[in-house]
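Okay, structure first, notes after.
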Amino acid sequence: MKAAYINQTGPPEVIVYDELPAPKPRRTECLIKVGAVDVNPIDTYIRGGLIPAKLTFPYILGRDLAGTVVETGAGVKRFSVGDRVWATGQGTGNRDGTFAEFAAADERWLFPIPDGVSDEAIVAVSLVGTTAHLGLLRNAKLRAGETLFVNGGSGGVGSCVVQIAKILGARVITTAGSDEKVKLCRELGAEVAVNYKTQDVGAAIREFAPEGVNVWWETVREPDFERTIPLMAMRARMVVMAGRDARPVFPVGPFYTRDCSIHGFAMLNATAREMRAAGMDLNPWMAEGKLKARIDRVLPLSQAAEAHRLQEESTIKKAGVLSGKLVLKP
Ligand SMILES: NC(=O)c1ccc[n+]([C@@H]2O[C@H](COP(=O)([O-])OP(=O)(O)OC[C@H]3O[C@@H](n4cnc5c(N)ncnc54)[C@H](OP(=O)(O)O)[C@@H]3O)[C@@H](O)[C@H]2O)c1
């Protein structure tokens, strides 16, 4: 099969697009003919060797997939040949990467794709939607009527946080880096969207939530707690999930005296059961059109290196060149 893989960590050019043997499904695994995959910032950190990860070479890239089951292991109970499925959180531990024509995945990590939802759309929300769901429901326990601020509402994770917070009945204020992206955040349902390059974000938050916001979701890799904490309400929860190297100042006094809490998490640590709770909500929301995929562009898998370059430029170098997910098709 054709696959996009690496034999060593390094810049996007280390990505090889060539033939590798197709995997054989183990007892509880399905073999999936991959219809679409997508790129996440973590793929670029792993490829670049920026985070410690035990890799066996050749290492097939990719966390997410959508496709069709073509073979099942003897112990598979939930799926049959011909079923359309999606998965996230692959390419780690004993889970295969997804950037290939075929991938094997344990049925614990698989979800059916709802009728009427394309491979491209579901794969574009798989990791980012699961992340938003875990952070909002499992960690921050967002309730209807609460106010939420998400810093970076046009990004992969941020656009799902905006939409899911609205589905859960919260009031949402967010930021984006251009007037077009601000407009898009409003279309996603945010009551208020602020251009963080040209407007006073703090003033907008104070006007929207004079008592402070109940949940603060930070997608930016260098959180500024000096700014954040005075804008949080009594008993507010903050979600941090980006910025492995960030070591910001943390103003303890204003934080604990308002009974605030902070929740950090990495979605790849979630158990299959926790991911299931997310996937089983994402599916109907996608089918009903309440949660919409945002796709910047669809490329052939042979352009995996170019896709990595674009993702890196957008997220790490903060060029903001993407507006939505990069989807690749084998
Ligand atoms: N912990 C986890 O489980 C987990 C899961 C997924 C992702 N992540 C991490 O979360 C981060 C975001 O991921 P993503 O996929 O959403 O990336 P993304 O699609 O590139 O989004 C990045 C966002 O940051 C915004 N931004 C950049 N500079 C900003 C600033 N100064 N103020 C406010 N917003 C700013 C961008 O806004 P504009 O484009 O509008 O300028 C964009 O909305 C990455 O670091 C990723 O590694 C962690």
Side-chain angles (χ1 to χ4, degrees), residues 38-48 50-51 53 63-64 88-89 91-92 123-136 138-140 149-164 173-186 188 190 193-202 204-205 216-224 227-228 238-246 248 262-270 274-275 278 293-297 307-327:
D38 70 335
V39 187
N40 292 287
I42 191 166
D43 299 322
T44 70
Y45 315 151
I46 290 174
R47 186 220 69 235
L50 302 179
I51 55 175
R63 306 316 65 226
D64 311 329
T88 182
T92 179
V123 89
V125 299
S126 55
L127 186 144
V128 288
T130 301
T131 303
H133 190 285
L134 287 168
L136 290 176
R138 184 193 63 179
N139 293 19
F149 170 73
V150 50
N151 205 18
S154 74
V157 175
S159 61
C160 287
V161 172
V162 169
Q163 295 183 80
I164 295 176
I173 174 167
T174 189
T175 58
S178 71
D179 290 346
E180 298 86 78
K181 287 182 180 178
V182 161
K183 186 164 167 272
L184 186 122
C185 290
R186 293 210 189 96
L188 292 176
V194 184
N195 185 328
Y196 67 78
K197 291 184 179 158
T198 59
Q199 290 177 270
D200 183 340
V201 176
I205 296 174
W216 183 294
W217 186 303
E218 193 62 65
T219 74
V220 172
R221 288 154 52 83
E222 306 85 17
D224 178 352
R227 178 183 81 149
T228 306
M238 188 194 300
V239 178
V240 288
M241 33 65 75
R244 282 165 194 266
D245 301 323
I262 186 161
H263 301 261
F265 76 102
M267 69 84 69
L268 289 177
N269 297 335
E274 288 172 320
M275 291 227 194
R294 296 201 41 254
I295 298 175
D296 182 278
R297 70 194 82 172
H308 266 231
R309 199 188 56 70
L310 277 168
Q311 185 72 58
E312 220 162 62
E313 203 179 321
S314 201
T315 310
I316 301 176
K317 296 184 188 154
K318 289 198 181 167
V321 292
L322 295 177
S323 185
K325 299 296 291 177
L326 285 165
V327 171

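Numbering of ligands and ligand atoms starts at 1, following listing order. Keep in mind that the numbers below use all heavy atoms, side chains included, and drop hydrogens, waters and symmetry copies.
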Atom 3 (O) of ligand 1: the protein heavy-atom neighbour that sits closest, reported with distance to 0.1 Å: M267 N, 2.6 Å

task: Return a yes/no value for K325: is any of its N or O atoms, backbone included, closer than 3.5 angstrom to an N or O of ligand 1?
output: no

message: Checking T315 against Q311 for the side-chain hydrogen bond (donor to acceptor under 3.5 Å, both in side chains) test, could you report, in this order, the C-alpha distance in whole Å, the side-chain angles of both residues, the deciding distance, and whether it holds?
response: CA-CA 6 Å; T315 310; Q311 185 72 58; 2.9 Å; yes

- prompt: Relative to ligand 1, is L268 under 4.0 angstrom through side chain, backbone, both or neither, heavy atoms considered?
  reply: neither

- prompt: Quick one: does T131 get within less than 4.0 Å of ligand 1, heavy atoms only?
  reply: yes

Distance from atom 25 (C) of ligand 1 to nearest protein heavy atom, with residue and atom: G152 CA, 4.0 Å

query: By number and element, which atoms of ligand 1 are closer than 4.0 Å to a non-hydrogen atom of A242?
result: 9 (C), 10 (O), 11 (C), 45 (O)

- prompt: Using a heavy-atom cut-off of under 4.0 Å, does the side chain or the backbone of T315 touch ligand 1, or both, or neither?
  reply: both

message: Does ligand 1 come near enough to V220 that some N or O of the ligand is less than 3.5 Å from an N or O of the residue?
response: no

- prompt: In Å and rounded to the nearest 0.5 Å, what is the OG1 to CG distance from T130 to D64?
  reply: 8.0 Å

message: Checking the N or O distance criterion of under 3.5 Å, is ligand 1 in contact with G320?
response: no

statement: Shortest non-hydrogen pair, F265 vs L134, comes out as CE1-CB, 3.9 Å

task: Classify the side-chain pair K181/N195 by whether it contains a donor and acceptor separated by less than 3.5 Å.
output: no

query: Going by the atom numbers of ligand 1, which of them fall below 4.0 Å from some non-hydrogen atom of A266?
result: 1 (N), 2 (C), 3 (O)

query: Looking at CH2 of W217 and CE of M241, how far apart are the two atoms once the value is rounded to the nearest 0.5 Å?
result: 6.0 Å

- prompt: With a cut-off of 4.0 Å, which atoms of ligand 1 are near a heavy atom of N151?
  reply: 33 (C)

- request: Considering heavy atoms of the protein only, find what lies nearest to atom 39 (O) of ligand 1 and give residue, atom and distance to 0.1 Å.
  value: K181 NZ, 2.8 Å

- request: Answer yes if the side chains of N151 and T219 hold a donor-acceptor pair under 3.5 Å, and no otherwise.
  value: no

query: Is S178 in polar range of ligand 1, meaning some N or O pair under 3.5 Å apart?
result: no

- line: Scanning both residues in full, the closest heavy-atom pair of M275 with G89 reads CE-CA, 4.3 Å

- line: Within 4.0 Å of some non-hydrogen atom of G177, the atoms of ligand 1 are 38 (P), 40 (O), 41 (O)

- prompt: Please state which protein non-hydrogen atom is closest to atom 45 (O) of ligand 1 and give its distance, to 0.1 Å?
  reply: Y45 OH, 3.1 Å

message: Return the closest protein heavy atom for atom 13 (O) of ligand 1 as residue, atom name and distance.
response: P41 CG, 3.8 Å

- prompt: With a 4.0 Å cut-off, would you call D43 and R63 a salt bridge?
  reply: yes

task: Give yes or no for whether the N/O distance cutoff of 3.5 Å, strictly under, is met between K318 and ligand 1.
output: no

message: Give the atom numbers and elements of ligand 1 that come within less than 4.0 Å of a heavy atom of T175.
response: 33 (C)

query: How close does the nearest protein non-hydrogen atom get to atom 30 (C) of ligand 1, and which residue and atom is it?
result: Y196 CE1, 3.4 Å

message: Let me confirm one number: the CG-CG distance from D296 to L310, rounded to the nearest 0.5 Å.
response: 8.0 Å

statement: S314 and L322 have their tightest heavy-atom pair at OG-N, 3.1 Å

query: Is S314 near ligand 1, meaning one of its heavy atoms is under 4.0 Å from it?
result: no

message: Can you tell me which portion of M241 lies within the under-4.0 Å heavy-atom range of ligand 1? Options are side chain, backbone, both, or neither.
response: both

query: How many angstroms lie between atom NE2 of H308 and atom CG of N40, to the nearest 0.5 angstrom?
result: 9.0 Å

- request: Give the numbers and elements of all ligand 1 atoms closer than 4.0 Å to a heavy atom of F265.
  value: 1 (N), 2 (C), 3 (O)

query: Can an N or O of V157 be found at a distance shorter than 3.5 Å from an N or O of ligand 1?
result: yes

- line: ligand 1 atoms nearer than 4.0 angstrom to some heavy atom of A176 are 40 (O)

- request: Can you pull out the closest protein heavy atom to atom 12 (C) of ligand 1? Residue, atom name and distance to 0.1 Å, please.
  value: T219 O, 3.9 Å

- prompt: Below 3.5 angstrom, do we get any N/O pair linking G155 and ligand 1?
  reply: yes

query: Does L134 come within less than 4.0 Å of ligand 1, judged by its heavy atoms?
result: no

- request: Please report the closest heavy-atom contact between E218 and W216, naming both atoms and the distance.
  value: OE1-NE1, 2.8 Å

message: How long is the straight-line distance from OG1 of T88 back to CG of L127, given to the nearest 0.5 Å?
response: 4.0 Å

- request: Grab the two heavy atoms, one from A307 and one from V39, that are nearest each other, plus how far apart they are.
  value: CB-CG2, 3.8 Å

message: Please list, in number order, the atoms of ligand 1 under 4.0 Å from a heavy atom of R221.
response: 45 (O)

